[in-house]
Structure formats: structure tokens, C-alpha cells
Amino acid sequence: MTAIRILGIDPGLGITGYGVVEKQGSLLQYVASGRIVSNDREALSERLSTILDGLAEVIASFHPGEVAVEKVFVNVNPKSTLLLGQARGAAICAAVLARLPVSEYTALQVKQAVVGQGHARKEQVQEMVRRLLKLPAAPGTDASDALACAICHAHGGLGAMPARGRRVRAGRIA
């Protein structure tokens, strides 16, 4: 049975979380996690470069075979949504430049796959990540969200396995 290493990314312009897990059969093993922080006093292009370079370094260090990225949700503030989308684009570019396949999941899909409930709180996600990966303590929220994204991908994502007979439409349980 071949192991597959998955890099999960929780994109953000200020903080981009990353988490690496290895899946062998049905077993998941924690490899690494952390965050890439950009300086909010720098120009947007420099901040995006920080994300791109940081994730390129993570990819070079941990050699993932696949990448899972959280999709952008539409925020009430269009400017925040646009900035988040640009950070997400930098994250996807890091994976594409490394010739890695990228899968995308909504926050609802990630929470459903990890906690079993699409509207779970951040603390619930952190605790389930800790339990699923047998960690001594819950990781920080950015790393936890990224690890949750990688776990969702390892489990086939919600889109690949509808929850208990429910249909999924556009990342939402119908």
C-alpha cells in the first residue's frame, strides 16, 4: 500500500495556514503544520510573494503528492473577499508551479468531513483534528484549518461521499 502525502492550505492574506498529513490505507499520520505570516505594512504584491515563497518552501521541505485548498466564501465585505481570493490564488500557484494536483473544498465540506457537522465551531474542528491525528494538543486555528482541509481530502471530500444519504449541491448539503 502506497502512502500519499497531502498538503492542506487555509489561505489568508495575513496568515496562511498549512498542514501536511500522510495517508496510508485508512490511517492518517501528522507530518507538519504551521503558518506563513505576511507583513501588513508591505505592498500587496510583496505579501502575495511571501505566501507563494513560503508555500514553495513547505512543498520543497515535505514533498506532498497532492494539495487541498479551502475555497473562498463570499464575505459581506467585497474588498476582504477580493484580498482573500488573491491570497488563495498565490497558494494555488505554489502548488501548480510544483506540478501538484489541487483539490478545492468549501469550509462546509471540510467541517462536515472532519467533525460530521457542516456548521461546527472552530474549537470543535481543532479538537477533532487533534483526535484524528493523535496530537498531544490542538494546533492553532490556522494550522488546524489547514490540517482539516488535508483530512477532508484524505477522506475523499464531502463532494465524493454525500453525508448519510443527503445530496450535496455547490458544496452545501441539500
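Keep in mind that this is a model prediction, so the values were computed, not measured.
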Exercise. I would like to know whether Q86 and L48 meet side chain to side chain contact (heavy atoms under 4.5 Å, CB included); could you show each step before the answer?
Key: CA-CA 8 Å; Q86 290 173 319; L48 295 174; 4.1 Å; yes
Using a 4.5 Å cut-off on heavy atoms from C-beta on, say whether the side chain of [Y] contacts that of [X].
X: T16; Y: R35; result: no
X: L28; Y: H155; result: yes
X: S80; Y: L84; result: no
X: V114; Y: Q124; result: no

Could you tell me whether a side-chain N or O of [X] sits under 3.5 Å from a main-chain N or O of [Y], the two making a donor and an acceptor?
X: K71; Y: Y105; answer: no
X: E46; Y: A43; answer: no
X: S33; Y: Y18; answer: no

Is it the case that one hydrophobic cluster holds both [X] and [Y], taking links as side-chain heavy atoms less than 4.5 Å apart, direct or via other members?
X: L147; Y: V67; result: no
X: V96; Y: I59; result: yes
X: I51; Y: L83; result: yes
X: L7; Y: I92; result: yes
X: V102; Y: L55; result: yes

Which heavy atom in [X] sits nearest to a heavy atom in [Y], and how many Å separate them?
X: G8; Y: C149; result: CA-CB, 4.5 Å
X: L108; Y: G118; result: CD1-O, 3.3 Å
X: H153; Y: S103; result: CE1-OG, 3.2 Å
X: G65; Y: I4; result: CA-CD1, 4.1 Å
X: A150; Y: V21; result: CB-CG2, 3.7 Å
X: G12; Y: A87; result: C-CB, 3.6 Å

To the nearest 0.5 Å, what is the distance between [atom1] on [X] and [atom2] on [Y]?
X: E42; Y: S49; atom1: CD; atom2: OG; value: 9.0 Å
X: E70; Y: K111; atom1: CD; atom2: NZ; value: 8.0 Å
X: L52; Y: L97; atom1: CG; atom2: CG; value: 6.0 Å

Exercise. Under the side chain to side chain contact (heavy atoms under 4.5 Å, CB included) rule, what do V129 and I151 come out as? Steps first, then yes or no, please.
Key: CA-CA 8 Å; V129 165; I151 292 168; 4.2 Å; yes
Quiz prompt | Short N-O contact, R5 and E22, less than 4.0 angstrom | solution = yes
Quiz prompt | N-O pairing of D145 and K122 below 4.0 Å | solution = yes
Quiz item: Is E123 atom CD crowded by more than 12 heavy atoms from other residues, nucleotides or ligands, each under 6.0 Å away?
Solution: yes
